[in-house]
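Take a look at the structure set out below.
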Amino acid sequence: MTFVTPEDLTEPEQALWKAFPRGEDVDLRVGDPESGDPSRDAQWGPDREVRAEVITALLTGAVPPEPGHVPALRLSGARVTGRLRLAHAEIVWPVRLRSCVFSTPIDLDGARTRQFDLTGSRLAGLEAALASIDGDLELAECHCTGRIRLTGAHIAGALRIQRARLHEPGRTAVLANRLTVDDDLLCQEIVVSGEFQLAGAQIGGMVGLDGARLDNPGGRALNAFSLSVGAHLWARRGFTATGEMSLGDASVGRELDLSGAHLRNPGANALLGNGLSVGTVLFLGQGFQAEGAVRLRRAQIGGPLHLRHGRLSNPGGDALDCRQVQARELVMQTAAPIDGMVDLRHARFEVVRDDPATWPAQLRLDGLGYDALDPRLTADQRLAWLRRSPEAYLPQVYEQLAGTYRRLGDETDARTVLLAKQRRRWQSLTWYARIWGRLQDLTVGYGYRPLRAGGWLVALTILGTVTFGVDHPPAVRGGDPPAFNPLVYTLDLLLPIIDFGQERSYQPQHRQRWLAYALIAVGWLLATTIAAGVTRALRRE
């Protein structure tokens with residue numbers, strides 16, 4: 001670096017040289033507000049130029065402090081020529097370079113500095129890996145055409161990037177992995193072309209992304225794996241991400257709110273939140289839209305997972321993957337049926353709130369656990385919900401639903417669900433097993449409709465009594481038979497374990513013989529199915 005002396009300075013540099021030890025402002029804008037717009041710097045003349053080496057000299061001790069004043073570098077509306085090299089510097093004074101233009105990246109790698117303010121400036125890049133900033137880093141309304149690198153940096157205050165324009169398409173626009181910010185990360189209305197990386201970053205306060213636009217088609221728009229946020233993460237009110245929004249294994253101390261956000265990554269992951277931890281509420285509703293999969297596998301949510309009035313679409317694939325999610329509530333009252341598979345396998349909720357009008361066409365429910373369902377629907381309606389599962393037979397989903405009705409004291413609906421379970425089970429067996437199952441269904445409803453057996457017994461008893469009463473069979477020869485009673489005779493044929501003495505005393509003839517054989521056979525089958533059904537029912541009780 002060239003050694004700078006006061007004699008070498010231009011007029012704007014002399015003004016800055018004199019203002020620095022007193023902490024005074026140097027504003028090179030000339031009254032017209034538009035003249036301070038860095039995007040019009042081509043119209044600026046030499047009276048707006050300051051060499052980077054002059055700024056470096058001031059910040060590294062070229063001018064001693066003036067007694068009674070606190071030095072500070074405050075410069076606005078300048079074109080900074082050359083590269084501002086402050087790597088590993090110890091800067092003890094505040095720096096404010098507002099609405100300035102830098103033609104080369106600023107180098108702050110490993111530097112230790114106080115507040116560093118670049119609000120409204122045009123940057124070619126910012127290299128601040130491992131930098132330590134004892135105050136705020138201000139990048140609000142900046143326009144940057146190169147990379148901003150904050151890897152491993154520590155900011156004791158807040159990082160403000162509101163309304164900035166960061167342009168590095170197809171590459172990494174912000175590289176802030178392992179960044180530590182003790183206060184807030186504020187990125188409202190930021191526009192990023194390229195990838196925004198925050199993997200492993202630790203934010204003590206909140207992350208604000210309301211109204212932001214992250215654009216990295218075919219890649220990751222936001223890479224925030226293992227991000228730690230002490231308070232809220234808000235990406236609401238017009239937030240859009242084209243590309244994957246990755247929050248895998250991230251931790252948000254309070255609420256994660258994407259109400260009204262629009263995530264676009266068709267055919268791939270729109271939101272990847274596997275292993276995500278949220279302290280209170282995860283909002284994916286109130287205008288939220290996802291074109292692509294929303295994956296929240298293994299997520300831990302202290303309060304509800306809200307999808308009310310949201311829209312999810314990933315035709316032909318998983319639209320919502322909530323495998324092994326744990327949350328207090330699942331509010332799946334979406335604005336329209338989810339277009340794609342909803343996977344709730346082995347998830348656990350205290351309450352599931354849904355709307356039959358917007359049930360997704362396909363649901364994976366194996367292992368899903370819940371204590372209550374809202375609204376409270378009839379068993380037949382909820383069975384239609386279970387039938388949306390593509391799996392052939394899943395006993396747990398029926399047991400879970402029946403248990404829910406039992407906790408409500410609704411034994412009738414619980415039995416209806418368990419009967420449907422048995423019907424689904426026997427449908428999955430071989431043809432000859434299905435015949436036996438059909439017989440149990442018709443006779444006793446697999447033990448859940450025991451009154452059916454009584455109905456069959458009454459019908460067959462009436463048939464036999466009428467038939468044998470009109471033309472009763474002759475007595476067996478050589479015996480002393482009791483008086484014939486068509487009702488008792490019919491019961492003797494039907495009930496295999498009871499002997500009234502009528503069956504062995506009278507021998508049916510011709511067509512009556514076939515009726516007697518049929519009653520005996522049906523009696524044995526009825527007794528066997530009743531025993532099997534009642535045993536099953538008692539075991540369930």
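In this text, all values refer to a predicted model and were calculated from it rather than measured experimentally.
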| query | Is there side-chain contact between S193 and L214, with at least one heavy-atom pair below 4.5 Å? | reply | no
| said: Testing N265, L263, D215, N216 one by one against T242 for a side chain to side chain contact (heavy atoms under 4.5 Å, CB included), which residue passes? | reply: D215
| request: Would you mind reporting whether V325 and F349 have side-chain heavy atoms less than 4.5 Å apart? | output: yes
| said: Taking side-chain contact (heavy atoms from CB on, under 4.5 Å) as the definition, give me every residue that meets it alongside D25, ordered by chain and number, with sequence neighbours left out. | reply: R74, R96
| How would you list, by chain and number, every residue that makes a side-chain contact (heavy atoms from CB on, under 4.5 Å) with V63, sequence neighbours excluded? | W17, F20, P21, L58
| task | Enter the distance from I91:CD1 to T60:OG1 here, rounded to the nearest 0.5 Å. | result | 8.0 Å
| With sequence neighbours excluded, residues passing side-chain hydrogen bond (donor to acceptor under 3.5 Å, both in side chains) with N177 | Q197
| request: Check the pair D371 / R348 against side-chain contact (heavy atoms from CB on, under 4.5 Å), numbers first and verdict last. | output: CA-CA 9 Å; D371 297 328; R348 183 71 178 89; 2.7 Å; yes
| request: State, yes or no, whether a side-chain contact exists between L73 and I55 at a heavy-atom distance under 4.5 Å. | output: yes
| field | Within residues 116-131 or reaching into it, pairs that qualify as side chain to side chain donor-acceptor pair (under 3.5 Å) - sequence neighbours excluded | value | R98-D117, D117-T119, R122-H143, E127-R147, E127-R149
| field | Within-4.5 Å side-chain heavy-atom neighbours: L9 and V54 | value | yes
| Minimum heavy-atom distance Q362-P390, with the two atoms named | NE2-CB, 4.2 Å
| message | Let's go through L365 and L386 carefully: what are the C-alpha distance in whole Å and the side-chain angles of both, what is the deciding distance for side-chain contact (heavy atoms from CB on, under 4.5 Å) to 0.1 Å, and is it a yes or a no? | response | CA-CA 8 Å; L365 300 171; L386 298 188; 3.8 Å; yes
| said: Once ring pair (Phe, Tyr, Trp, His ring centres under 6.0 Å) is applied, do any residues pair with H232, and if so which ones, sequence neighbours excluded? | reply: W234
| Tell me the side chain to side chain donor-acceptor pair (under 3.5 Å) pairs involving residues 331-344, sequence neighbours left out? | R308-Q333, R323-D343, D343-R345
| query | Quick one: side-chain contact (heavy atoms from CB on, under 4.5 Å) partners of S103, sequence neighbours excluded? | reply | none
| task | Under the side-chain contact (heavy atoms from CB on, under 4.5 Å) rule, what do E329 and R353 come out as? Steps first, then yes or no, please. | result | CA-CA 7 Å; E329 292 183 35; R353 305 185 192 278; 2.8 Å; yes
| task | Check I161 against L166 and note the closest heavy-atom contact, atom names and distance. | result | CG2-CD1, 4.5 Å
| request: Would you please test H154 and D134 for side chain to side chain donor-acceptor pair (under 3.5 Å) and show each step? | output: CA-CA 8 Å; H154 178 208; D134 187 14; over 6 Å; no
| request: Name all residues meeting the side-chain hydrogen bond (donor to acceptor under 3.5 Å, both in side chains) criterion together with E291; count only those two or more places apart in sequence or in a different chain, and write none if there are none. | output: H262
| task | For C100 and G77, work out which heavy atoms get closest and say how close. | result | SG-N, 3.9 Å
| query | Counting only N and O atoms by type, is there a donor-acceptor contact under 3.5 Å from the side chain of Q396 to the main-chain atoms of L368? | reply | yes
| query | Taking atom CD of Q115 and atom CH2 of W93, what is their separation to the nearest 0.5 Å? | reply | 15.0 Å
| query | Could you walk me through whether E13 and R51 pass the side-chain contact (heavy atoms from CB on, under 4.5 Å) check? | reply | CA-CA 8 Å; E13 293 170 348; R51 289 173 292 167; 2.9 Å; yes
| task | May I ask you to decide if Y370's main-chain N or O and Q400's side chain share a donor-acceptor pair within less than 3.5 Å? | result | yes
| task | Tell me, please, which residues at least two apart from V191 pass side-chain contact (heavy atoms from CB on, under 4.5 Å). | result | R165, R213
| query | So does R171 pair up with E195, basic N to acidic O under 4.0 Å? | reply | no
| said: Whether the side chain of D107 engages the backbone of D109 through a donor-acceptor N/O pair (distance < 3.5 Å, no angle test) should be reported. | reply: yes
| message | I need the single residue from D136, L150, L186, I203 that forms a side chain to side chain contact (heavy atoms under 4.5 Å, CB included) with L159. Which is it? | response | L150
| Approximate separation, where rounding is to 0.5 Å, of S277 OG and L247 CG | 12.0 Å
| said: Please check if the number of heavy atoms outside R83 that lie under 6.0 Å from its CZ is greater than 12. | reply: yes
| message | Using side-chain heavy atoms (C-beta onward) and a distance below 4.5 Å, is L118 in contact with I106? | response | yes
| Flag side-chain contact, heavy atom, 4.5 Å: L282 against L296 | yes
| query | Who pairs with R220 by salt bridge (charged side-chain N to carboxylate O under 4.0 Å, His left out), at least two apart in sequence or on another chain? | reply | E244
| query | Who are the ring pair (Phe, Tyr, Trp, His ring centres under 6.0 Å) partners of F288, not counting sequence neighbours? | reply | none
| Ion pair check, R382 and D354, cut-off under 4.0 Å | yes
Return a table of donor-acceptor pairs under 3.5 angstrom between the side chains of residues 310-320 and protein atoms on other chains or two or more places apart.
{"residue": "N314", "atom": "ND2", "partner": "D318", "partner atom": "O", "Å": "2.8"}
{"residue": "D318", "atom": "OD2", "partner": "R295", "partner atom": "NH1", "Å": "3.2"}

| remark: Between F225 and S246 the two heavy atoms that sit nearest each other are CE1-CB, 3.6 Å
| Distance in Å, E53 CD paired with D8 CG, rounded so as to fall on 0.5 Å steps | 9.0 Å
| field | Inter-residue atom distance I155.CD1 - L185.CG, 0.5 Å rounding | value | 8.0 Å
| field | Spacing of D257 atom CG and M206 atom CE [to the nearest 0.5 Å] | value | 10.0 Å
| Closest non-hydrogen atom pair between A372 and T404, with its separation | CA-CG2, 4.3 Å
| said: Any heavy-atom pair between the side chains of F116 and L108 that's under 4.5 Å? | reply: yes
| task | May I ask you to test the W359-V342 pair for a side-chain heavy-atom distance under 4.5 Å? | result | no
| request: Grab the two heavy atoms, one from P71 and one from P94, that are nearest each other, plus how far apart they are. | output: O-CD, 3.7 Å
